[in-house]
Amino acid sequence: MSDVVEKTLTALPSLLSLDSQPGSAKLSSTSKLGNLIRGITELTSKHEEEKLIQRELTSIKDQVSSPNTSMRQMKELMVRAIYCEMLGYEASFSYIHAIKLAQQGSVLDKRVGYLAVSLFLNESHELLLLLVNTVLKDLQSTNLIEVCMALTVVSQMFPKDMIPAILPLVEDKLNHPKEIIRRKAVLALYKFYLIAPNQVQHIHNKFRKALCDKDPGVMTASLHIYLQLIKENSEGYKDLTASFVTILKQVVGGKLPMDFNYHSVPAPWLQIQLLRILSLLGKNDQSTSEIMYEVLDESLRRAEMNHNITYAILYECVKCIYTIQPKSELLEKAAKCIGNFVLSPKINLKYLGLKALTYVVQQDPKLALQHQMTIIECLDHPDLIIKRETLELLFRITNGQNVTVIVEKMLDFLRISKDDYTTIDLVGKVAELAEKYPFETMNTVFSLGGDMMQPDIPNSFLKLLSEGFDSDEEDRKLRLFAVDSYVSLLQSEPNKLPQRFLQVISWVLGEYSHLSAELEPATVMTLLSKLLDLKHTSSETKSWVLMAMTKLCEGGVAISVAQDIYETHSSSMDTVLRQRAQELQHLSQDSELRGRVLPRDAGLMPLEVDSSLSFLDGFVSEALAAGAAPYKPPHQRQEELAQAKALSLEPYSLSLPISMSSCSIADRQSPTLMSMSSGLSGDSTDLSHKGGSTTLKLDGVKRVWGREGYLAQREPVEETAQVEVPSPLRSPSQQAEADSTQSQTPTPTVTPELEQDKQQLASSLFVGLGSQSSVCLMGKSDPTPQRFRRKAQGRASSSGASEKTPTSLGSTPSPVDNLLCNSLLDSNLVSEPTNQTPQASQSLDTTNGNCHEELTDVKENNPSLIHNNEEPDKPKDLCLSSHLPTELSGLSHSEITPLCSNQSVNLSACHVQKEDSLQLVIFIFNSSDSALQQMQLQVDSGELKVNYCLSLITDSPVEEVRSHSVAVCHYSVTVKRPSVHVEVLGMLSYQLPGGTPQTIQFSHKLPLTTFIRPLTLSTEEYGSMWLAFSQDTKQNLTLINDDQDPLTTTLNVLKKKLQLHVVEIIGVEGIVACQLVQDQPCLMHCRVHAGTLAVWLRSPVPDLPDCLLYHCQRALQEH
Amino acid sequence: MIKAILIFNNHGKPRLIRFYQYFAEDMQQQIIRETFHLVSKRDDNVCNFLEGGSLIGGSDYKLIYRHYATLYFVFCVDSSESELGILDLIQVFVETLDKCFENVCELDLIFHMDKVHYILQEVVMGGMVLETNMNEIVAQVENKISPSGGLSAAPARAVSAVKNMNLPEIPRNINIGDINIKVPSLSPF
């Protein structure tokens, strides 16, 4: 029985009965909507429903287009159309009528019309343009209700291009006498800000006025805007901190009218919003944080635990307290609050408690220690969400000692989880932890994670295996173990293994099965050939398998197997497979050739890659001569296709990077490499460029993993016994049990009590979290202020836990500040002799040298600084800019800005503008007394494409930095997706001798202008490009009016500051062109009109015009 | 920001759908189906938050829901909303419905879909929380539903509510402190 019928049974009695439903429902049941609904409920199948709705839609269609339909009927028809749309049936014919209804009807008709429009259409729907006039008219209406409706529809959706048309009207509404109108206007403006930030830039001070509005409702609405603005740029709004604090103080103190109370809590949503704003403002800012301590304390005190909503406020308070600069009394109170959350029987609060713990645990791991028993209980909670949140928390407190237990817990969860999203997320985390964890874990991860895991997980695993570790003997053992375990897996049930795992297996067997003395190549070949016959094996996997076979075919039996395989696959429909089979055939016949093509044990030798694929040049020129079309890079093809409105190239752009990354893992030729190059003939330079960029993510896949992993086979008990922190509460026998839990071999002979079990779990989970001496089992740990990690940063390195230390410039020890200051001046000194650079890059130098010019000024005016700088006792190697890579040293660079630092390292960065890219240089200064080892720097960005450049001095990534010396990492970055400021995120991991691994994170903002280069064009070229570009933006800019020719002056300012190329100036119009590296043009058309400069930007790249416009505005403002 | 508000019954039949972010029609239906699938298999004694539905998007998004008799009220929000705050907002919304329909039930939502939308418009505007005071919401809705429009024709209940809120004796002003309003020198536009 379908659910529709079930619903009929539940719905009909009340529908038809004469019960107490007052009026409304009964009345409508006789209407047409009622009939429709009743009709639907009487149906028995989805198919019938479809038929009925189609009939209904046809009848609606007839009626709406009939001229005799009255407004009243129209309204009713619209509601029915909305109903059909809600059920998922398209009623697009009614859209235009909805707009008409909004245009023409009385207030009530309009309302239905607007509602229908806002439900039917979206921001980019073309019909929406028809609504603009109606909205304009209604905004000017004297009827408040019409104004309200117009504002509501505007905040739901409005075409971006038309915002300027109604902006002044909406702005006017900020002064409207009715508070509801003002409030809605504020939200509408916020919406405008979200979709087109540049358009509302000039009214930021009106937002301030809204914040000061005499009506608290309007003020509340304006907080939405401020939350967003402060999220984007907290520095710009520090001055408002005191105001926000005052507001919060008054709200908390009950100064608001009773109307604003909710369950006798004064304006709780307002409080939540304010607390969020404050936490953003106080982050990493001691002085701002100090302003808010008092009111936070007050909030905590006032929010008595009596209602759900007070918990909401408390939760925000706690988060705020842990986000801003710490203050010990507040932290103590907040910790208590978190305790209340975690211990609460209410499940929602428990969830939030765990979330809060996860948030604070990096600063204060002892807090987790206090609640360990609760956390253990949560691990077995029936609610999966709670369970997952707990795992998230455990993930954050993972260290070398408890990783075994935590990963085991995660894998348990993976086994029961059915949700794709959770699986992907968790598999990633497990793999991240696996760097410290035994080998079989990876087998489990591969089997459970299946094909949903990120492709870089198997990649980095293989990389790890092939690169090996310190000792050859260990490498050999590890590989041998892998081979043995894989062979046994294949012998049992290969059909159950996921594809990615099969690929890993075949690569490993191909590469290393010769290590096993008793394993005949023929046996492996037979095992592998079985994989080829499996039904579900994908062709990608098959090519991996064939490739492995090619490496193996040796000796009589193997050759005959190879022969068989060749016969079956040489006629395969798949060209890649056919190619593989051919290779197999040839190489199996000719062992000498095979030895040359696939040398054994060459994994460690750096492979020479001809990234320009120059060996194909002959082929390319031949093909071109034969009339082949020249190669076009993917983005160009995509552009052309987009213009032609043809099919999207989605599948190609997806598969390209994937196969690329799979070819870069295998060091030696992986099965997909050949197919790539053969599949895309022609000039492939762009391709190889792309290949270079999909470098492996090798973060932290280092030694810890393998050694421990392999050793764990033999001596896990010894190992854990060594690291175990002595726990006073356990007897020796319990100790042994705990050890057995850790080594994952639960001994069934001992059946301990449940509670004891949990305690052991606790001790193994939370080991290493406390300070050096004691692990407190039951959570009554010492209340000394030491536990506040941020306060006592010096302790971090000695506590034995490997945690991410959030660093802030404000809290670094003072010598560091001095150092950075000096290096800044040094950099300036060194960049001085850049005048001799060749004229080609002169334009670049002018902007690069901007800061340097200013700074030299400072130097001249302020000789004491120099003097200071030249003091003999300053070590010479502080001068960071002398460490610039040689290929950049001739060019001038930007100011060297400090990124972050802690007690042992200082990171700073500068950039150099080159014509085709931006070179980002990161300096790692080791300020500690010992060398940094195993250092890895990882730089990533959503908006940028980052390529690691091998510097000429050191041809491999630096791994070790001596004490008080500098390492340099050099990246070439280009923009993938424009935004006003592009942010580079990075993480440095390193180890001090005898210490534990540490990581330090940083972020670096680069303004888009550093990526802008002039684009030299002729006017004709400009004209043809102009027509081809789709993304455009128009805006008025201020003219610089100090000259008889304001246009030229203004354009020259832009040219100088933003490196634009002025193509031509004709009368009052000027055309300007620039490009975003690399090859992303943007054209600008300027016209002087009524004292302002009307600019019109066009580009094929989305968002580029908007971002550029922003920088133009800035440049002109600064001028 | 609130990304979407979905109301459906125990069988997954949609009763009110409001998206504040654009999704294509078939995607919307898919989101409704998946959300129903996620929410309906949860007991009543587990927490009201769900994370990581893959459709509306990744780790930043949450589903916050409440189950009343035959209906599920689901809000899809991003990380800038407070979980418990939204939970109470749902409560406010439902109580307001109850006030407007007098003992609201699923049928009211079916037959007065438009009115439910109007009420929702006064609570959430363009994905942002607009008003959380029940009386105020009712007043706004009622005063627009009355045929002649305008405050004067509002029903007595609404009028009383409005009056109550605008009483001059009640100090509705907050002293904002010393915000320095700089009068802008606006560029001519």
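What you see below is based on every heavy atom in this structure, not just the backbone, and it leaves out hydrogens, waters and symmetry mates. Below, chains carry the letters A, B, ... as their sequence lines are ordered, and counting in each starts from 1. As the structure is a prediction and not an experimental result, all values here were calculated from the model.
Ranked by heavy-atom pairs under 4.5 Å with chain B, the first of Ala188(A), Pro268(A), Ser118(A) is Ser118(A). Most heavy-atom pairs under 4.5 Å with chain B: of the set Glu146(A), Glu389(A), Arg276(A), Lys319(A), this distinction falls to Arg276(A). Among Glu85(A), Glu90(A), Met78(A), the residue with the largest count of heavy-atom pairs under 4.5 Å with chain B is Glu85(A). Ranking Asp114(B), Leu16(B), Leu84(B) against chain A, the residue ahead of the rest is Leu84(B), based on heavy-atom pairs under 4.5 Å. When the candidates Gln273(A), His224(A), Lys249(A) are compared by the number of heavy-atom contacts under 4.5 Å with chain B, His224(A) comes out ahead.
Minimum heavy-atom separation, Met113(B) to Val79(A): CE-O, 3.6 Å. Here the closest non-hydrogen pair linking Arg18(B) and Leu119(A) is NH1-CD2, 3.7 Å. Taking all atoms of both residues into account, the shortest heavy-atom contact from Leu87(A) to Gln29(B) is C-NE2, 3.6 Å. The heavy-atom pair separating Ile309(A) from Gly85(B) by the smallest distance is CD1-CA, 4.1 Å. Counting all heavy atoms, side chain and backbone alike, Asn308(A) lies closest to Arg66(B) at ND2-NH2, 3.8 Å. Nearest heavy-atom pair, Arg183(A) versus Leu130(B), reported as atom, atom and distance to 0.1 Å: NH1-O, 3.1 Å.
Using modelled atom types and a 3.5 Å distance limit, the side chains of Asn48(B) and Asn348(A) yield a donor-acceptor pair.
By the 4.0 Å N-to-carboxylate-O rule, Glu83(B) lies too far from Lys355(A) to be salt-bridged with it.
For the atom pair CE (Met149(A)) and OH (Tyr118(B)), the distance works out to 8.5 Å, reported to the nearest 0.5 Å. Note that NZ of Lys191(A) and CE of Met1(B) are 3.5 Å apart. Values are rounded to the nearest 0.5 Å. To the nearest 0.5 Å, atoms CG (Leu89(B)) and OH (Tyr262(A)) are separated by 8.5 Å. Taken to the nearest 0.5 Å, the CG atom of Asp259(A) stands 12.0 Å off from the CE atom of Met134(B). The distance from the SG atom of Cys47(B) to the CG atom of Asp383(A) is 4.5 Å, given to the nearest 0.5 Å. Considering CG of Leu352(A) and CZ of Phe49(B), their distance stands at 5.0 Å, rounded to 0.5 Å.
Within the 4.5 angstrom heavy-atom criterion, no atom of Thr70(B) approaches chain A. With a 4.5 Å cut-off on non-hydrogen atoms, Met125(B) touches chain A through its backbone and its side chain both. Neither the backbone nor the side chain of Gln28(B) comes within less than 4.5 Å of any heavy atom of chain A. Of the two parts of Phe244(A), neither the backbone nor the side chain holds a non-hydrogen atom closer than 4.5 Å to a non-hydrogen atom of chain B. At a 4.5 Å heavy-atom cutoff, Ile313(A) makes no contact with chain B through either its backbone or its side chain. Within the 4.5 angstrom heavy-atom criterion, no atom of Glu123(A) approaches chain B. Contacts between Asn10(B) and chain A at a heavy-atom distance below 4.5 Å are absent for every atom of the residue. With a 4.5 angstrom heavy-atom cutoff, Tyr89(A) touches chain B only via backbone atoms.
Without hydrogens or angle criteria, Glu25(B) side chain to Phe120(A) main chain gives no donor-acceptor distance under 3.5 Å. Side-chain atoms of Gln156(A) never come within 3.5 Å of backbone atoms of Gly127(B) as a donor-acceptor pair (strictly under, hydrogens ignored).
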Next on the checklist: Run the side chain to side chain contact (heavy atoms under 4.5 Å, CB included) test on His307(A) and Asp88(B) for me, step by step, so that the C-alpha distance in whole Å, both residues' side-chain angles and the decisive distance to 0.1 Å come before the verdict.
Outcome noted: CA-CA 10 Å; His307(A) 189 266; Asp88(B) 271 74; 3.1 Å; yes
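Between Met128(B) and the options Ile225(A), Leu187(A), Val186(A), Leu223(A), a side chain to side chain contact (heavy atoms under 4.5 Å, CB included) holds for only Leu187(A).
Counting heavy atoms from C-beta on, the side chains of Trp269(A) and Val92(B) come closer than 4.5 Å.
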